[in-house]
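Below, each value reflects all heavy atoms present in this structure, side chains not excepted, and no hydrogens, waters or symmetry copies. Naming convention: chains lettered A, B, ... in sequence-line order (proteins, then strands); numbering from 1 in each chain.
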Amino acid sequence: MDFERYNARVAEPKWQRIWEERQVFRASSGDPRPKYYVLEMFPYPSGRIHMGHVRNYTMGDVIARYKRARGFNVLHPMGWDAFGMPAENAAWHNKTHPADWTYANIASMRAQLKSMGLALDWSREFATCDPSYYKHQQKMFLDFLAAGLVLRKKSKVNWDPLDHTVLANEQVIDGRGWRSGALVEQRELTQWFFKITDFADDLLDALGGLPRWPEKVRLMQANWIGRSEGLRIRFELAPSPAITASEIEVYTTRPDTLFGAKFLALAADHPLAVEVARSNPCLAGFIAECRHGGTSEATIETAEKKGFDTGLKARHPFDRDWLLPVYVANFVLMDYGTGAIFGCPAHDQRDLEFANAYGLGNTPVICPGNVDPASWGITDTAYDGDGILINSRFLDGMRVAAAKEEVSKRLKAAMLGKLPQGRREIQYRLRDWGISRQRYWGCPIPIIHCGGCGMVPVPEEQLPVELPRDMSFDEPGNPLDRHPTWKHVICPNCGSPAQRETDTMDTFVDSSWYFTRFTDPWNSREPTTPPLVEEWLPVDQYIGGVEHAILHLLYARFFTRAMCRTGHVGSLKEPFDGLFTQGMVVHETYRDKDGAWLLPAEVRIKTDESGRHAYKADNGEEIAIGPIEKMSKSKKNTVDPDDIIGDFGADTARWFVLSDSPPERDVIWSEEGAQGAAKFIQRLWRLIGELASAAAPAGSSVQDATAAEATAIRRVVHGSVIQVEEDIERLRFNRAVAQVHDLTNKLSAFVGDIDTDEIATDVRLALQEAADFLVLLIAPMTPHLAEECWAALGHTGLAAEAPWPAADRALTIEDTITYPVQVNGRKRAELIIARDANLAAVEAAALALEAVQRALERRPAKKIIVVPNRIINVVG
RNA sequence: GCGGGCGUGGCGGAAUUGGUAGACGCGCCGGAUUUAGGUUCCGGUGAUGCAAAUCGUGGGGGUUCGAGUCCCUUCGCCCGCACCA
């Protein structure tokens, strides 16, 4: 065997072929081993994989391979999140059909992923744009509809008045349509919604049962759901010719501040505002102004607080003679609460700014507990903390919580008309999930609109409703709507002419259940096979970017509940037991003297004592090294995984992305680092060769290794196994890498010290074990190299199928302990003493040390603290 | 504004969760091998100091035998969410 140079270019495809031929990574159900489901968020087939994919899939692969070695029946599948806008954009730009574009991308990305040597069960692969996938999604839509989990209602969209098309938020650039440049308007469309709010409480409460999720993600979801407990309060209106209504209902979480109220404010779309506007052109103008500028939060955010006095007056619920002005305000949202608020400037910052702008007054009603009420007055910023009620009649002297109770109690007792004035209510920030998209490249919504029968579900035997193939994409708008024949159908109910729904589903729907489909992608009749879902799910380890912390993960959790209710997932409640959100791959940026971005490949880096310098590769001109940023085409700071794999091999790329940075943080890709990883691959190969030539032949027993040298070697090796094991279990891949480096250094030193002519048999045996264990340790991370080494060491099976090395913990315990000895908290000496020495002996030995005596200046110690097996501190 | 996080050598980062600060890697310095470069191997590398030693985890204070870790305070940076009543 030639250990001169490891040739990844030859070895990697060879082992990939062998794994595939032997179907090593195919998972099967009904296996007696415990199951383990590893899943990385499946990729959008954009065309090429990027380093972020490499990092994501390498992490999952390490876990999959490690768990397999630990005796688990591992499911590690791959698929494609294949519907989406980029395919339609490509169709528009390049005149390619979205399907052709998508499937070509899938083909090239599949080849790229395969070149990474991932331990995937490719037999379960699917793309969400396959009719054989979306057929089941349509079935589930109908099941959800039947179960009352789907509704139709109006919602606002970004409308491009020139292109006559709905725009996604990302298609709105500075308030204008990305293609037409026209000013975007808000328009109401009737759309399909999933009733995610039905599960708001459960989705919130169940977060507590997800200890293996990052705290951060659970918090983000909790904030997104945004549960708040408050009170609906009905205010009587003073009679006015402009309106027919006699009251306004507001929602508040701060009923305690009711005596600090200075005004009421309505959303621009509030029915009462609209009604008053009919007889008030100025107000109508203001409302139109509020509607301008799109729906996106960013635009609202920057807007200045504006209002318009309707002239209406509302009576304070506790004092009929106290009249409050009613405004329409741009900061009140129609979608939240009742679309109307009462404003208390003293204790809400927005209300304060509004009241100041319109001179509406300010009366503080809550005084912080540690402040004398006599000295407490109007403040520059609203005070929203706890305290004692003041200026509030019967509430005076109460704390906030008690005042809330009291107001609630009294308003529930007070009647307005025939109903109580106040009603407790829990509100959520979470809104129902609008899934209608006016696009072609998505899953068609299986509904037929019939003039006589209304909305008719497409009968199950007619599914899938397939996307028509003959399309033109040279005009804006929804291509499906323009198709000459597709939407014209016969009503399945009454047989008269009817029309298909031409909206397609949000692509988040596709990714909300794919993890269940992987458990039985061959089921052509049903979306899932519930017993198989129950066998494999929940996903034990899910890995992906933190950018999906809210929407995707929340939708998937909703879908699991909805599928549970409709009988598709057995008793499964939560889809992902363990979640890990990995950081990005980032890279330096380079700009030449004209400010043009340069690719890393066009740059040479030199480092000396004065630091790093970058030079243009072609003419040597020095260029500026810019900040380290997320890899992006626009800044040209990208590295193509294909180039790295082609130059150094997949194992080098895998090793690099696992090294250095903790996986949840960003990792900086650098050319030096990639070189370093490649060198280390070669070093491992050479070390295995050296170990092999000194070692006993494979298959010999190590049981009788007794020489001190052999024990020392085994102690190091077994200790490393324990460390790497722990690091992989805890997803601390950077530490596992460091541990392997460390073991490599130590084994190199051993081999270097050994006189190869005179090696005791038990040392040979220890070295043989060291070689085997080292190979198995690196196998999850650099699987191709591991196979090559495994074969070179004389094993007949595959490293990928070998069990994880069994560490002997007893071996790692030495009979002596080396204590650091501190005097007054400062390390002065080391004490080597028998592990079984008693406390008095340890203390005496520590005090007897010359360095300790010197540090104590020969005076007696006041106190001595011995932390068993850890440290000794002498107090002088 | 609210919520969360972070701050350790030239750089990425370790630190047994209150117990030897700087593991491991990158870079750099010196040496060996080499015609040379690269590779490889050996040694060094927090600061000051000839040394003994002293200082050192953004700053200040505290708790403790002992603090990078806990508490208070302050400065700086990053991320998430938001006119959500």
Where the side chain of [X] is defined as all heavy atoms beyond and including C-beta, which of [options] is the nearest nucleotide?
X	options	answer
N873(A)	rA15(B), rC24(B), rG66(B)	rG66(B)
I341(A)	rA85(B), rC41(B), rC81(B)	rA85(B)
N734(A)	rU20(B), rG13(B), rA82(B)	rG13(B)
R683(A)	rU20(B), rG12(B), rC41(B)	rC41(B)
F331(A)	rC83(B), rC81(B), rG19(B)	rC83(B)
Y251(A)	rA85(B), rU16(B), rC65(B)	rA85(B)
N330(A)	rC41(B), rU17(B), rC83(B)	rC83(B)
H741(A)	rC24(B), rU40(B), rG13(B)	rC24(B)
I865(A)	rA14(B), rC65(B), rA85(B)	rC65(B)
A738(A)	rA85(B), rA23(B), rA14(B)	rA23(B)

Q | D666(A) vs V867(A), nearer the 5' end of RNA chain B by closest nucleotide | A | D666(A)
Q: Tell me which of A749(A) and G673(A) sits closer to the 5' end of RNA chain B, going by the nucleotide each one is nearest to.
A: G673(A)
Q. What about D660(A): does its side chain form a donor-acceptor pair under 3.5 Å with the base of rG12(B)?
A. yes
Would you be so kind as to tabulate the donor-acceptor pairs closer than 3.5 Å made by side chains of residues 822-830 of chain A, with sequence neighbours excluded?
residue	atom	partner	partner atom	Å
N824(A)	OD1	G876(A)	N	2.9
K827(A)	NZ	E830(A)	OE2	3.4

Q: In whole angstrom, give me the gap between the P atoms of rG5(B) and rC70(B).
A: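 Here rG5(B) and rC70(B) have their P atoms 11 Å from each other.
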Q. Taking the same atom, C1', in rU64(B) and in rU69(B), what whole-Å distance lies between them?
A.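 Roughly 13 Å separates the two C1' atoms.
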Figure out the [atom1]/[atom2] separation between [X] and [N], and round it to whole Å.
X	N	atom1	atom2	value
I871(A)	rU20(B)	CD1	P	5 Å
F680(A)	rC24(B)	CZ	C1'	10 Å
N745(A)	rU40(B)	CG	P	13 Å

Over all strands shown, is [X] touching base, sugar-phosphate only, or nothing at heavy-atom distances under 4.0 angstrom?
X	result
V874(A)	nothing
T253(A)	sugar-phosphate
R828(A)	sugar-phosphate

(Q) Please check: side-chain N/O of R424(A) versus main-chain N/O of S408(A), any donor-acceptor pairing under 3.5 Å? (A)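 Checking the backbone N and O of S408(A) against the side chain of R424(A), no donor-acceptor pair under 3.5 Å is found.
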(Q) Tell me which pairs pass side-chain hydrogen bond (donor to acceptor under 3.5 Å, both in side chains) where either residue lies in residues 248-266 of chain A, with sequence neighbours left out. (A) S228(A)-Y251(A), R232(A)-E249(A), R254(A)-D256(A), K262(A)-T363(A)
**Q.** More than 12 heavy atoms from other groups under 6.0 Å of CD1 on I832(A)
**A.**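 Counting other residues, nucleotides and ligands, CD1 of I832(A) stays at 12 neighbours or fewer.
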Q) Any salt bridge between R732(A) and E725(A), counting N to O under 4.0 Å? A)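 A salt bridge is absent here (no side-chain N lies under 4.0 Å from a carboxylate O).
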Below 4.0 Å: OP1/OP2 of [N] and any side-chain N or O of [X]:
X	N	answer
K862(A)	rC65(B)	no
R730(A)	rU17(B)	no
R429(A)	rG3(B)	no

Q. Using the ring of each side chain (for Trp, its six-membered ring), is F680(A) parallel, tilted or perpendicular to H741(A), with breaks at 30° and 60°?
A.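 Because their plane-to-plane angle lies in the 30° to 60° range, the rings of F680(A) and H741(A) count as tilted.
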